[in-house]
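Notes follow the structure.
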Number of protein chains: 2
Amino acid sequence: MTRALTRKGEATRARIVAGAAAEIRERGVDEVRLEDVLAHTRTSKGQLFHYFPDGKEELLLAVAQHEADQVLVDQEPMLSNLTSWPAWQAWRDRLVERYLAQGVKCPLNGLLGQTGRRAPGAQAIVTGLMWRWQEKIAVGIRHMQSTGDIAADVDADRAAAALLAGIQGGVLLLLSTGRIDHLEAALDLTIERLRAGARTA
Amino acid sequence: MTRALTRKGEATRARIVAGAAAEIRERGVDEVRLEDVLAHTRTSKGQLFHYFPDGKEELLLAVAQHEADQVLVDQEPMLSNLTSWPAWQAWRDRLVERYLAQGVKCPLNGLLGQTGRRAPGAQAIVTGLMWRWQEKIAVGIRHMQSTGDIAADVDADRAAAALLAGIQGGVLLLLSTGRIDHLEAALDLTIERLRAGARTA
DNA sequence: CGGGTTTTGGACTTGCGGGTCCAGATCTGC
DNA sequence: GCAGATCTGGACCCGCAAGTCCAAAACCCG
């Protein structure tokens with residue numbers, strides 16, 4: 001059933017998802033009409049409903065998945081390699097740079113508030129993303145503990161949760177205020193705290 | 001012009017705003033139809049457009065302002081009284097309790113993602129809220145510095161920014177994952193850090 | 001009271017946009 | 001190269017909800 005897609009079909013489907021994602025990033029979920037996506041991807045109603053029988057909802061779900069994956073990909077290879085303080089710094093810089101560049105166009109913002117409520121599956125996608133994200137950070141912390149760079153008595157999961165919260169809040173505040181200060185402050189102070197813990201412990 | 005409202009008119013207007021706010025909290029911005037609000041507030045189309053000539057957009061803006069104000073009010077008197085560690089703890093508990101109780105129904109969630117983009121004014125409302133919020137926290141930190149409970153070399157504004165980011169992210173994660181852990185972790189670790197700073201400094 | 005203003009109710013219009021349908025083009029494997 | 005499947009285009013339908021309009025009720029003040 002899912003395996004009834006030609007090479008060409010697959011390409012078209014991908015084009016639609018990518019186009020819709022771009023459109024949504026640019027103008028917000030609720031401002032994007034199906035027709036906009038069609039125009040921007042040189043496709044027709046027929047195609048869209050051919051690949052997404054459940055219409056907009058299904059498309060939005062696919063976009064959400066696409067964007068969620070992208071969020072982590074954008075942080076690689078730094079995120080999977082938090083094995084030294086310079087590496088942490090590089091990751092931190094990548095995050096700041098990335099969000100600074102994208103500015104107000106957060107792919108998840110709308111998808112959480114908008115899709116998250118209506119589609120039951122979108123919630124799961126975001127939750128999954130957050131969980132993976134946090135776990136990656138936790139792995140980094142544990143690694144640093146193994147090398148003695150972070151105190152052993154630090155609760156890695158708890159610290160990762162706090163750091164992730166800081167990031168999310170920082171991005172949220174970037175979206176609403178347009179300033180990157182909060183993200184930087186949250187990242188720097190939290191990381192600084194992890195480093196300080198090693199010395200005192 | 002703005003002063004053409006009878007006592008009764010004022011009451012009706014307020015009733016519409018409050019009703020719309022409740023409705024939005026309950027079911028999300030984009031799920032709320034004007035008719036729903038009318039039904040729930042025992043009012044008619046005529047009244048709604050009488051008090052909000054610009055229709056839905058204007059109403060949403062009024063709701064946003066109403067909810068934004070409420071967010072800070074809900075933290076009082078704790079937020080304006082961060083003058084001792086027990087007071088900070090009380091504020092922290094209030095926050096956790098409040099968001100735990102309200103669960104998924106965040107008044108600002110939709111308003112940021114939804115209204116924030118379309119209405120230029122909504123952006124300003126959220127920004128204003130965040131700014132006031134952060135300032136209140138900063139005042140608390142400075143007060144603690146004046147009593148020596150927090151190290152003098154802490155940048156109050158920066159610390160407040162980080163704390164606020166942690167809170168926002170914690171709430172965001174509560175919304176998507178349904179767990180309060182992140183909010184607690186962010187609050188506790190950040191506050192703990194402020195306390196620790198005093199001892200080492 | 002009485003004239004002017006504000007308030008209220010609800011029927012009606014309108015446009016937008018998601019979803020349907022189907023005919024024809026294109027591909028795929030044998 | 002042909003039979004069956006997949007892909008594509010776009011005209012059409014249709015419901016929904018925002019917004020309009022106006023007449024009647026309630027209210028305010030001299």
Side-chain angles (χ1 to χ4, degrees), chain A residues 1-21 23-24 26-64 110-111 114-115 117-119 122, chain B residues 1-21 23-24 26-64 110-111 114-115 117-119 122:
Chain A
M1 173 140 197
T2 39
R3 251 338 64 185
L5 276 192
T6 310
R7 183 74 54 96
K8 191 180 178 187
E10 200 112 32
T12 304
R13 204 195 115 105
R15 188 154 40 96
I16 294 176
V17 171
E23 203 77 357
I24 287 172
E26 197 61 38
R27 330 205 327 228
V29 196
D30 38 71
E31 295 300 321
V32 171
R33 319 280 150 229
L34 250 34
E35 316 247 348
D36 300 333
V37 176
L38 300 182
H40 266 252
T41 55
R42 301 286 286 163
T43 45
S44 66
K45 273 266 173 78
Q47 303 179 63
L48 201 153
F49 280 88
H50 178 62
Y51 296 108
F52 304 93
D54 284 348
K56 197 176 192 182
E57 185 164 325
E58 192 180 352
L59 173 61
L60 253 38
L61 222 56
V63 170
L111 294 174
Q114 178 82 343
T115 325
R117 185 89 67 152
R118 60 169 136 213
Chain B
M1 174 146 198
T2 37
R3 252 337 64 184
L5 277 191
T6 311
R7 182 76 53 95
K8 190 180 179 187
E10 200 112 31
T12 303
R13 205 195 115 105
R15 186 154 42 96
I16 293 176
V17 171
E23 202 78 359
I24 288 173
E26 197 62 37
R27 329 205 328 227
V29 195
D30 39 72
E31 296 300 322
V32 171
R33 320 281 151 228
L34 250 35
E35 315 247 351
D36 300 333
V37 176
L38 301 182
H40 266 253
T41 55
R42 300 287 284 161
T43 45
S44 67
K45 272 267 171 76
Q47 301 179 63
L48 201 153
F49 280 87
H50 177 62
Y51 296 109
F52 304 93
D54 285 347
K56 197 175 191 180
E57 184 165 327
E58 191 178 352
L59 173 60
L60 253 39
L61 223 57
V63 169
L111 295 173
Q114 179 84 340
T115 326
R117 187 89 67 152
R118 60 170 136 213

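In what follows, every chain begins at residue 1, and chains take the letters A, B, ... in the order their sequences are listed.
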Q: Evaluate the criterion side-chain contact (heavy atoms from CB on, under 4.5 Å) for residue pair Asp36(A) and Arg27(A); output intermediate values, then yes/no.
A: CA-CA 11 Å; Asp36(A) 300 333; Arg27(A) 330 205 327 228; 3.1 Å; yes
Q. Taking for each residue the nucleotide of DNA chain D bearing the nearest heavy atom, is the 5' side occupied by Pro53(B) or by Arg7(B)?
A. Pro53(B)
Q) Could you give the CG-to-P distance, from Leu48(B) to dG19(D), as a whole number of Å? A) 9 Å
Q) Quick one: Asp54(A) CG to dT20(C) C1', roughly how many Å, whole number? A) 14 Å
Q) Within this structure, what is the CG-to-P distance between Asp30(A) and dA18(D), rounded to whole angstrom? A) 14 Å
Q) OP1 or OP2 of dT8(D) sitting under 4.0 Å from any side-chain N/O of Thr43(A)? A) no
Distances under 3.5 Å between protein N/O atoms and the N/O atoms of nucleotides 10-17 of chain C, please, pair by pair.
unit_1: dG10(C); atom_1: O6; unit_2: Gly46(B); atom_2: N; d: 3.2
unit_1: dG17(C); atom_1: OP1; unit_2: Arg33(A); atom_2: NE; d: 2.6

Q: Calculate, to the nearest 0.5 Å, the distance between atoms CG and CD belonging to Leu34(A) and Glu23(A) respectively.
A: 11.0 Å
**Q.** Heavy-atom side-chain proximity of Arg33(B) to Glu31(B) below 4.5 angstrom
**A.** yes
Q: Going by the side chain to side chain contact (heavy atoms under 4.5 Å, CB included) test, name the single residue among Arg13(A), His50(A), Arg15(A) that passes it with Thr43(A).
A: Arg15(A)
Q: Take Asp30(A) and Asp30(B) through the test side-chain contact (heavy atoms from CB on, under 4.5 Å) and record every step on the way to the result.
A: CA-CA 9 Å; Asp30(A) 38 71; Asp30(B) 39 72; 5.7 Å; no
Q. What dot-bracket string describes DNA chain C from 5' to 3', counting Watson-Crick and G-U wobble pairs whose defining distances are under 3.5 Å, with [ ] for crossing pairs and | for pairs to another strand?
A. ||||||||||||||||||||||||||||||
Q.
Please report the distance, rounded to the nearest Å, between CD in Glu10(A) and C1' in dT28(C).
A. 16 Å
Q: Could you check how far CZ of Arg42(A) sits from P of dT8(D), rounded to whole Å?
A: 13 Å
**Q.** Audit row: Leu60(B), Ile24(B), side-chain contact (heavy atoms from CB on, under 4.5 Å) steps and yes/no
**A.** CA-CA 10 Å; Leu60(B) 253 39; Ile24(B) 288 173; 4.0 Å; yes
Q) Quick one: Glu58(B) CD to dG19(D) C1', roughly how many Å, whole number? A) 14 Å
Q: In whole angstrom, give the distance that lies between atom CZ of Phe49(A) and atom P of dC13(D).
A: 17 Å
Q. Looking only at side-chain N and O atoms, does Thr12(A) come under 4.0 Å of OP1 or OP2 in dT8(D)?
A. yes
Q) Would you say a side-chain N or O of Tyr51(A) is under 4.0 Å from OP1 or OP2 of dT6(D)? A) no
(Q) Nearest 0.5 Å, please: how far is CG in Asp54(B) from CG in Leu61(B)? (A) 9.5 Å
Q.
Can you see if the side chain of Thr6(B) gets near the phosphate of dC28(D) - specifically, an N or O under 4.0 Å from OP1 or OP2?
A. no
Q. Choosing from dC27(D), dC7(D), dG19(D), which nucleotide comes nearest the side chain of His50(A)?
A. dC7(D)
Q. dT28(C) P sits how many Å from Lys8(A) NZ, rounded?
A. 8 Å
Q) Roughly how far, to the nearest 0.5 Å, is OH of Tyr51(B) from CD1 of Ile16(B)? A) 7.0 Å
Q) Closest approach of Phe49(B) and Gly55(B), non-hydrogen atoms and distance? A) CE2-CA, 3.5 Å
